[in-house]
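Reading through the structure tokens given below for one structure.
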Amino acid sequence: MKFNKGDVIGGFKIKQNQFIQEVNSDVYLMVHEKSGAKLLYLDTTDDNKVFSIGFRTPPDNSKGTPHILEHSTLCGSRKFPLKEPFVELVKGSLNTFLNAMTWPDKTMYPVASRNAVDFHNLMDVYLDAVFYPNCIDDPQILMQEGWHYELEDKDSELTYNGVVYNEMKGALSSGDAIMENFAMEKLFPNTTYGVESGGDPEVIPALSYKEFVEFYKKFYHPSNSYIFLYGDMDIEKTLNFIDSEYLSNFNEKKIDSQIKTQVPFKKREVINRKYGISESESTDKKAIHALYTAFNDYMSTLDSLAFEVLNYVLIEIEGAPLKKAVLDAELGSELSGSYTDGYKQPVWTIQLSGTDVNNQKKFEETIDETLRALALNGIDKLMLKAAINRIEFTLRENDYRGRPKGLFYGIRAMELWLYDRNPMDALKYFDNLKQLKKFIDTNYFENLILKYVIKNNHQVLITMEPEKGLTEKKNALTAQKLEAFKNSLSEEQLNEIVENTKKLKVRQASKDSEDALKTIPLLERKDLKRIITEKKIKKDFVNGVDYLHYDVNTSGISYVRLFFNLFGINENDIFYANLLTSLLGSMDTQKYTYGELTRLENSNTGGINFSVMCFGDYNNSDKYIPTFEVGGKALTANNKCMVELLKEIICHTEYTERKRLKELILSEKTKWDMTVFDRGHLLTMNRLISYFSKTGEFTEKLALSYYYFLADLVNNYDKNYDEIVKKLESVSAKIFTRNNLTIEVIGNEKDSQSVKDLVKYLICDMEIGEKNNKNSFEFNNDCYNEGFLTSGKVNYVSKGGNFKKYGFKYTGAVRVMETILRYDYLWKKVRVLGGAYGAFVQFSPNGNAVLCSYRDPNLKETLDVFKGIPDYLRNLKISEREMTKYVIGTMAAEEVQFTPSMLGDRAAADYFKGSTAEDRERIRNEIINCTLEDIHKLADLVESVINEPYLCVMGSEHKVKKSEEIFKKIRSLPN
């Protein structure tokens with residue numbers, strides 16, 4: 001190791017040091033002697049460097065102070081006197097991660113970059129932001145990021161506005177989010193976990209500026225900080241910088257930020273609450289029941305990992321006994337579970353959706369009886385073994401889909417560190433896994449249920465009942481409250497609010513000076529990589545089947561992808577193809593019950609999954625290749641077992657078990673019911689593209705159209721059961737044929753050869769099938785410009801079109817323009833001035849383009865913002881330095897650290913889309929060479945999109961109906 005215990009580097013004294021195999025790092029735990037700041041450093045060869053500084057920030061109310069402060073600290077500081085340095089970093093950094101996050105008891109500010117200079121710059125801006133923010137001297141920052149009264153003139157309606165205020169209106173719109181708030185309030189009535197750290201929109205307007213500043217001064221001090229460093233860096237230089245530039249300016253002081261422990265309950269609490277649904281929704285099967293259990297705050301890492309295993313075994317795995325008991329009793333359609341150990345006291349939640357209010361008692365009894373029976377009679381040992389193997393595979397694979405590993409190590413460490421426990425223990429799991437495997441043949445897991453659940457009365461049973469129009473009633477009450485408040489104000493007070501509104505808008509619309517912008521350090525274009533060096537996919541023909549191999553080191557794991565071309569099915573069968581992704585592996589086959597299948601899958605593989613994909617042609621939005629993908633991963637030594645399972649599932653699944661089939665379909669529908677509003681931006685964007693693109697038409701059949709299909713399937717299941725089974729059988733027979741199949745293997749030559757040897761066995765039970773030469777399906781799509789009604793308090797507003805239909809080309813300059821729009825024009829107009837949480841812009845190589853706002857209090861106003869984009873681009877005036885900043889920010893996406901499986905996935909996508917590494921290299925160079933003139937020239941391209949008549953909105957029932965004249969059709973979501 002580089003350093004020894006007791007060494008002092010840059011003012012930091014090493015308290016502990018050891019090599020931790022699980023993260024392949026020398027790990028050092030340090031403390032800054034002058035300021036008391038704590039630091040954890042993982043010394044590894046990974047070039048994706050991570051820095052984070054976190055603070056223990058326990059609120060005692062639901063005004064959202066820690067969340068608003070998280071936003072506000074990034075709005076200018078001592079060395080970087082801009083309105084929003086965070087945005088300037090996003091525009092001009094090669095970061096691989098840049099964000100800030102608020103939890104119920106902590107706030108973290110993590111950044112990551114693979115470029116050493118960029119990493120230093122990011123760290124500097126974030127440290128200055130948290131220790132010397134402008135927000136404690138400028139009330140307008142709280143007004144913008146938190147909340148403020150908005151009044152255009154004395155005769156206008158008085159409203160609330162603010163980024164976090166509107167964000168939380170969206171976040172607390174769904175029944176399960178509201179439920180969690182109520183449950184935590186009851187579960188932890190005397191600790192910080194009983195309040196909403198993100199902020200309750202009904203309470204946020206009670207936050208004063210004085211209280212806001214006091215919260216900052218109490219908690220944002222080095223003595224209350226947790227600094228995390230990860231990766232290949234000059235650590236001595238880094239520590240010396242943190243010391244000399246920041247921490248040496250502070251003396252250690254005692255800060256009372258301890259997280260209190262909730263005194264256990266003497267008996268379980270039972271509560272009922274209501275949540276709002278739209279007037280057009282049915283209340284049938286819309287109730288939610290949940291049992292929340294709080295554990296001790298001194299749980300060992302062994303017991304905590306064991307509860308992850310138990311949650312998987314009891315609820316998540318197919319055939320899970322707790323889930324089976326509840327669904328067999330026909331109490332609801334979906335049982336889910338979650339174990340959260342990111343609190344001082346971990347919480348286990350068992351949630352039943354798609355149920356009725358009067359099922360509460362039976363739900364409670366079924367959970368209690370089943371858990372007691374399991375504790376007394378024992379848990380299936382094979383299930384335990386399978387679950388532990390699956391969790392071990394996931395931990396060892398360490399695949400965060402391109403996000404920095406170090407980021408997750410830092411978050412994991414905080415789960416102990418924040419509560420004055422050793423953060424190194426959070427990074428270790430090898431010994432715990434060995435212990436758990438030994439405990440399978442003992443009563444250890446059963447005793448955990450007994451100790452932490454059955455004999456633990458620290459529980460809340462909560463039922464959420466839907467009520468039509470409740471959201472609108474609350475909105476009306478808020479409006480009445482504001483009207484009454486306005487009427488109580490004097491002429492002078494009204495003028496003051498009007499003046500404050502105007503001043504804030506002037507500030508928001510103003511630009512930072514060139515001198516201020518120059519304070520943000522910037523790389524140069526010459527620092528950017530122009531050449532792409534990556535392997536090409538190899539194509540072969542094995543046993544009559546197209547075979548692709550992406551040769552990459554996967555550390556002994558074989559990733560297998562089976563792509564079945566879907567042009568062999570009919571247009572109306574696409575819904576059933578998508579439904580198959582939820583059924584396969586969850587129903588009996590000729591050889592195995594679904595429970596046996598799951599145990600074999602978890603014992604021998606890292607998972608088997610199913611999805612319907614659409615690979616749109618790189619250049620043409622009306623050409624695409626639709627596929628049904630079957631994915632599996634396993635240690636190469638287990639490939640035979642994995643392939644045997646793949647074959648059994650796709651060739652021999654039996655769809656005739658009436659009760660099980662209904663159970664799965666109901667579960668799928670309920671999942672959509674619970675998540676549809678939170679995915680509103682994705683769903684409206686998909687729907688919008690379907691109005692003008694054949695590729696979009698197909699993709700949309702997997703989105704909102706599929707949701708309507710599911711609702712119809714559920715409502716008519718008993719009547720149409722025989723037809724449903726026949727459809728599933730015929731569609732699966734059409735899909736899973738040899739002529740439709742392309743195989744891809746991601747791994748080295750040995751991994752590939754192992755799969756090649758099994759191809760003959762894999763396809764032996766498949767029909768040959770017919771080759772097809774279609775380029776697209778033909779849909780009868782006459783719907784466009786739709787508004788979808790929800791009980792949500794905010795909107796998702798999408799608008800778009802296809803620019804290639806007007807002769808425009810896709811270039812790297814389009815990518816730079818996206819960055820400019822996202823972080824300048826739309827950020828200012830939609831987020832800062834409009835109060836929305838954010839906005840998206842997506843221009844694709846095939847010409848499809850869409851703009852979308854996210855958690856937006858506005859509707860028509862946002863459409864007007866979109867209309868202003870062409871003129872904005874034509875008149876854009878920025879310096880060469882600012883232009884370079886946007887170029888660098890655009891290139892950040894190219895810095896993502898792809899995992900081996902991601903590289904293989906991209907290679908397969910390129911193969912089907914007709915895209916090449918040369919295409920990416922050309923775009924890369926066009927980005928690096930982009931000029932302001934290139935951006936000006938794109939105004940006409942964007943105008944062609946804006947002038948298209950297409951728009952799609954999902955959101956507030958009141959807002960959508962108020963703007964009904966802009967829609968061709970207003971629709972309710974499925975019941």
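Residue numbers count from 1 along this sequence.
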Heavy atoms of other groups near Glu330 CD, more than 12 under 6.0 Å: no

Asp380 bridged to Arg599 by N-O distance under 4.0 Å: yes

Donor-acceptor under 3.5 Å (Asp341 side chain, Pro346 main chain): no

Lys437 with Glu392: basic N within carboxylate O range, under 4.0 Å: yes

is_close_aromatic(Phe307, Phe295), centroid dist under 6.0 Å: yes

Heavy-atom side-chain proximity of Thr463 to Ile288 below 4.5 angstrom: no

Lys/Arg N to Asp/Glu carboxylate O, Lys274 vs Glu467, below 4.0 Å: yes

Minimum-distance pair of heavy atoms, taken over all atoms of Arg390 and Thr605: CD-O, 4.3 Å

Ion pair check, Glu465 and Arg273, cut-off under 4.0 Å: no

Residue that, paired with Ile388, satisfies side-chain contact (heavy atoms from CB on, under 4.5 Å) out of Val313, Leu433, Asn602: Leu433

Closest non-hydrogen atom pair between Thr589 and Ile649, with its separation: CG2-CA, 4.2 Å

Basic-acidic side-chain contact under 4.0 Å: Asp399, Lys633: no

Ion pair Lys961/Glu957, N-O distance below 4.0 Å: yes

Aromatic plane relationship, Tyr193 with Tyr343 - under 30° parallel, 30 to 60° tilted, over 60° perpendicular: tilted

Note: Asp356-Lys285 ion pair, threshold 4.0 Å (strictly below): yes

Close side-chain approach of Asn272 to Phe182, heavy-atom, < 4.5 Å: no

Nearest heavy atoms of Leu666 and Ser333, plus distance in Å: CB-CB, 3.5 Å

Cation-pi check, Lys106 onto Trp103 ring (under 6.0 Å, within 45° of axis): yes

Lys385 atom NZ, over 12 foreign heavy atoms within 6.0 Å: no

Audit row: Tyr796, Tyr854, ring pair (Phe, Tyr, Trp, His ring centres under 6.0 Å) steps and yes/no: CA-CA 5 Å; Tyr796 304 98; Tyr854 180 78; 5.7 Å; yes

Passing candidate, salt bridge (Lys or Arg N to Asp or Glu O under 4.0 Å) with Asp328, options Arg660, Lys659, Lys362: Lys659

Other residues, nucleotides, ligands: >12 heavy atoms within 6.0 Å of Lys468 NZ: yes

Lys/Arg-Asp/Glu bridge criterion (N-O < 4.0 Å) met for Glu446, Lys381: yes

Neighbour count >12 (heavy atoms, 6.0 Å) for atom OH, Tyr721: yes

Closest non-hydrogen atom pair between Asn359 and Leu331, with its separation: ND2-O, 3.0 Å

Min side-chain heavy-atom separation Lys186-Tyr292 under 4.5 Å: no

Closest non-hydrogen atom pair, Gln459 against Val453: NE2-O, 3.5 Å

Axial cation check for Tyr708 ring with Arg971, 6.0 Å and 45° limits: yes

Salt bridge (charged side-chain N to carboxylate O under 4.0 Å, His left out) partners of Glu185, counting only residues at least two apart: none

Where Ser173 and Lys793 come nearest, the two heavy atoms and their spacing: OG-N, 3.5 Å

ring-ring contact (aromatic ring centres under 6.0 Å, His included) pairs, two or more places apart, involving residues 361-389: His289-Phe363

